[in-house]
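The block underneath contains the structure these notes are about, expressed in structure tokens.
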Amino acid sequence: MFRSKIIGTGSYAPAKIMTNHDLEEIISTSDHWIAERTGIRERRIASKNEATSDLAAIAAERALEYAGLDPMELDLIVVATSTPDMVFPSTACIVQDKIGARRAAAFDISAACSGFIYALAVGDQYVRSGTFSSVLIIGAEVMSRIIDWTDRGTCILFGDGAGAVVLKRGRVDSGILSTHLHSDGALWDLIHVPGGGSRIPPSIDVLERKLNCIKMKGSETFKVAVRTLADAAWEALKANNLRPSDLDLLIPHQANMRIIKAVVEKLEIRMDKVVMNLDRFGNTSAASIPMALDEAAREGRIREGNFILMEGFGGGLTWGSAMVKW
Ligand code: UT7
């Protein structure tokens with residue numbers, strides 16, 4: 001029997017910073033409202049010539065360097081994204097080419113903001129089964145390309161970025177202890193991008209009505225997010241015979257500070273055990289958890305033997321968790 005160990009993390013955020021004050025210039029909002037209702041102060045925006053694979057490749061190279069792994073050793077690359085470079089080929093194939101991982105199989109996963117947890121679970125299964133020994137998991141998004149910059153209910157929330165982890169087959173007493181994935185397709189319309197696919201193909205009408213942009217039922221999504229994240233945490237804790245107080249770090253999807261605080265209250269976890277970076281990056285969808293994990297790892301917040309719970313929710317509706325013993 002094998003387990004997957006996270007042997008390297010990496011992340012990348014575009015250089016351009018967009019603050020809440022910058023948003024005040026383009027929509028009717030205020031820094032005070034955004035900071036109080038979401039915890040977000042600024043987000044990063046990709047430059048015109050940066051696509052998702054560009055962000056993903058830099059995060060991947062940083063994770064590989066951290067892991068001390070040659071790209072040619074990779075067996076599999078999985079990219080979680082809702083903003084792929086193109087309809088096809090997969091962004092994972094483009095990343096494979098950029099980083100020179102010529103031996104690897106590569107594919108994308110679409111699970112919106114839960115994408116990284118879904119991709120991690122898939123990668124973990126390949127390692128546990130003994131099929132692959134070195135796997136690269138990436139969450140990467142250029143959300144700014146699917147945002148309606150006239151919709152103040154969504155444009156204040158999202159940002160661009162990428163995070164990556166390298167999984168390696170390892171001993172059974174540490175690594176990814178469990179993953180749990182869930183979906184409820186009946187709630188598909190809480191957050192979605194209606195146009196540009198096979199249902200409503202690209203057209204001038206799609207662009208005029210901004211159907212190629214995110215539509216979200218904010219307050220309904222908020223309530224479901226608190227419920228699913230709390231349930232997912234309890235499920236992961238129970239599966240590993242752990243109590244909330246046993247956790248060393250909680251890394252939740254960085255959607256809204258008030259969602260995270262409500263979940264933390266339900267679990268009765270100390271706030272200093274929660275990794276939060278949404279004040280600086282906003283909601284980077286599938287990139288948010290691996291970006292936060294990388295920051296925590298590089299700041300020295302993670303020690304060997306620590307119990308780390310990562311959990312996400314997002315469009316689909318999808319949600320899930322990964323419990324790691326570092
Ligand atoms: O990764 C998953 C992605 N989605 C989420 O996690 C989103 C979850 N939902 C949320 O984070 C929150 O629902 C929002 C931050 C999107 C909105 O916060 P809210 O507290 O649910 O506000 P609301 O939509 O109920 O609106 C309250 C008021 C409204 O005004 P009235 O009707 O009370 O006069 C809105 O028009 O706030 C107004 N409002 C704004 N005001 C200033 C909504 N957006 C803004 C804004 N600036 N950007």
Side-chain angles (χ1 to χ4, degrees), residues 18-43 80-83 109-119 139-144 146-163 181-184 187-194 213-232 251-264 274 276-279 281-292 310-321:
M18 181 186 266
T19 65
N20 292 347
H21 292 295
D22 295 330
L23 284 165
E24 286 173 352
E25 306 289 319
I26 57 173
I27 45 160
S28 166
T29 191
S30 67
D31 171 50
H32 178 75
W33 192 95
I34 301 171
E36 195 177 74
R37 307 302 291 169
T38 72
I40 299 165
R41 296 196 176 274
E42 57 187 47
R43 69 286 291 142
T81 188
S82 303
T83 51
I109 277 189
S110 165
C113 301
S114 314
F116 176 75
I117 297 292
Y118 266 68
E141 306 277 11
V142 182
M143 299 301 285
S144 57
I146 57 163
I147 283 169
D148 173 357
W149 292 101
T150 63
D151 175 10
R152 68 177 183 172
T154 53
C155 76
I156 57 153
L157 295 175
F158 295 97
D160 302 337
L181 303 180
H182 298 281
S183 311
D184 182 357
L187 297 176
W188 67 269
D189 68 341
L190 285 190
I191 327 172
H192 68 297
V193 177
C213 297
I214 300 173
K215 310 289 171 200
M216 185 179 76
K217 295 178 182 169
S219 49
E220 285 173 54
T221 307
F222 189 103
K223 286 176 210 144
V224 183
V226 174
R227 177 170 53 79
T228 54
L229 284 178
D231 288 353
I251 309 184
H253 170 46
Q254 308 284 304
N256 184 317
M257 183 192 57
R258 289 189 297 133
I259 293 176
I260 296 174
K261 282 192 172 159
V263 173
V264 167
V274 183
M276 278 217 270
N277 65 6
L278 87 174
D279 55 326
F281 298 110
N283 178 348
T284 55
S285 190
S288 91
I289 294 172
M291 284 175 78
M310 297 181 266
E311 54 166 358
F313 75 95
L317 209 81
T318 53
W319 65 100
S321 70

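Order of appearance sets the numbers: ligands from 1, and atoms from 1 within every ligand. One-based numbering along the sequence shown. Only a predicted model underlies this, so the values are computations on that prediction, with no experimental measurement involved.
Here the heavy atom of the protein found nearest to atom 17 (C) of ligand 1 is Trp33 CH2, 3.9 Å. Ranking protein heavy atoms by distance to atom 11 (O) of ligand 1, first place goes to Asn256 ND2, 2.8 Å. Of the protein's non-hydrogen atoms, Arg152 NH2, 3.6 Å is the one closest to atom 38 (C) of ligand 1. From the protein, the heavy atom lying nearest to atom 16 (C) of ligand 1 is Gly153 O, 3.6 Å. Of all protein heavy atoms, the one closest to atom 19 (P) of ligand 1 is Arg258 NH2, 3.9 Å. Summary of contacts: the protein heavy atom closest to atom 8 (C) of ligand 1 is Gly218 O, 3.6 Å. Of the protein's non-hydrogen atoms, the one nearest atom 21 (O) of ligand 1 is Ser219 CB, 3.8 Å. Closest to atom 15 (C) of ligand 1 among all protein heavy atoms lies Thr38 CG2, 3.7 Å.
The local environment of CZ in Arg41 is sparse, with at most 12 non-hydrogen atoms from other residues, nucleotides or ligands closer than 6.0 Å. Under a cut-off of 6.0 angstrom, the local environment of NZ in Lys261 is sparse, with at most 12 non-hydrogen atoms contributed by other residues, nucleotides or ligands.
Polar contact check, Ile34 against ligand 1: no nitrogen or oxygen pair lies under 3.5 Å apart.
Using a 4.0 Å threshold on non-hydrogen atoms, atom 29 (C) of ligand 1 does not count as touching the protein. Within the 4.0 angstrom cut-off, atom 41 (N) of ligand 1 has one or more protein heavy-atom neighbours. Within a 4.0 Å radius of atom 24 (O) of ligand 1, the protein contributes no non-hydrogen atoms. Counting protein heavy atoms under 4.0 angstrom from atom 34 (O) of ligand 1 gives zero.
Of all non-hydrogen atoms in Ala112 and Ala286, the two that sit nearest each other are O-CB, 3.7 Å. Residue Cys155 comes nearest to Asp148 through the heavy atom pair CB-O, 3.6 Å, listed as atom of the first residue, atom of the second, then distance. Of all non-hydrogen atoms in Thr83 and Thr81, the two that sit nearest each other are N-OG1, 3.0 Å.
Those atoms of ligand 1 that come under 4.0 Å of a heavy atom in Phe313, given as number and element, are 2 (C), 6 (O). Near Ile191, with a cut-off below 4.0 Å to any heavy atom, the atoms of ligand 1 are 2 (C), 3 (C). Counting the atoms of ligand 1 from 1 in the order shown, those under 4.0 Å from a heavy atom of Asn283 are 1 (O), 2 (C), 3 (C). Close approach of ligand 1 to Ile156 is summarised as follows: ligand atoms under 4.0 Å from at least one heavy atom of the residue are 48 (N). Every atom of ligand 1 is numbered from 1 in the order shown, and the set under 4.0 Å from a heavy atom of Cys113 is 1 (O), 2 (C). Each of the atoms 6 (O) of ligand 1 lies under 4.0 Å from some heavy atom of Ala255.
Annotation: the span from Tyr118 atom OH to Ser110 atom OG amounts to 10.5 Å, rounded to 0.5 Å. Atom CD of Glu311 is separated from atom CD1 of Ile260 by 9.5 Å, given to the nearest 0.5 angstrom. Annotation: the span from Ile156 atom CD1 to Asn256 atom CG amounts to 8.5 Å, rounded to 0.5 Å. We find the CD1-SG distance between Ile146 and Cys213 to be 8.0 Å, quoted to the nearest 0.5 Å. In this structure, the separation between CG on Asp279 and OG1 on Thr38 is 9.5 Å, given to the nearest 0.5 Å.
Here Thr154 has no heavy atoms under 4.0 Å from ligand 1, in either its backbone or its side chain. Of the heavy atoms in Ile27, none comes closer than 4.0 Å to ligand 1. Contacts between Thr29 and ligand 1, counted as non-hydrogen atom pairs separated by less than 4.0 Å, involve both the backbone and the side chain.
Note: His182 and Trp319 have parallel aromatic rings, judged against thresholds of 30 and 60 degrees for the angle between ring planes.
Here the shortest heavy-atom distance to atom 4 (N) of ligand 1, taken over Met216, Lys223, Arg37, Met257, belongs to Met216.
If you check the side chains of Asp231 and Thr228, you find no donor sitting under 3.5 Å from an acceptor. Looking only at atom types and distance, the side chain of Glu141 has no donor-acceptor partner in the side chain of Thr284 under 3.5 Å away.
Exactly one of Asn20, Asn283, Asp160 qualifies for a side chain to side chain donor-acceptor pair (under 3.5 Å) with Arg43. That residue is Asn20.
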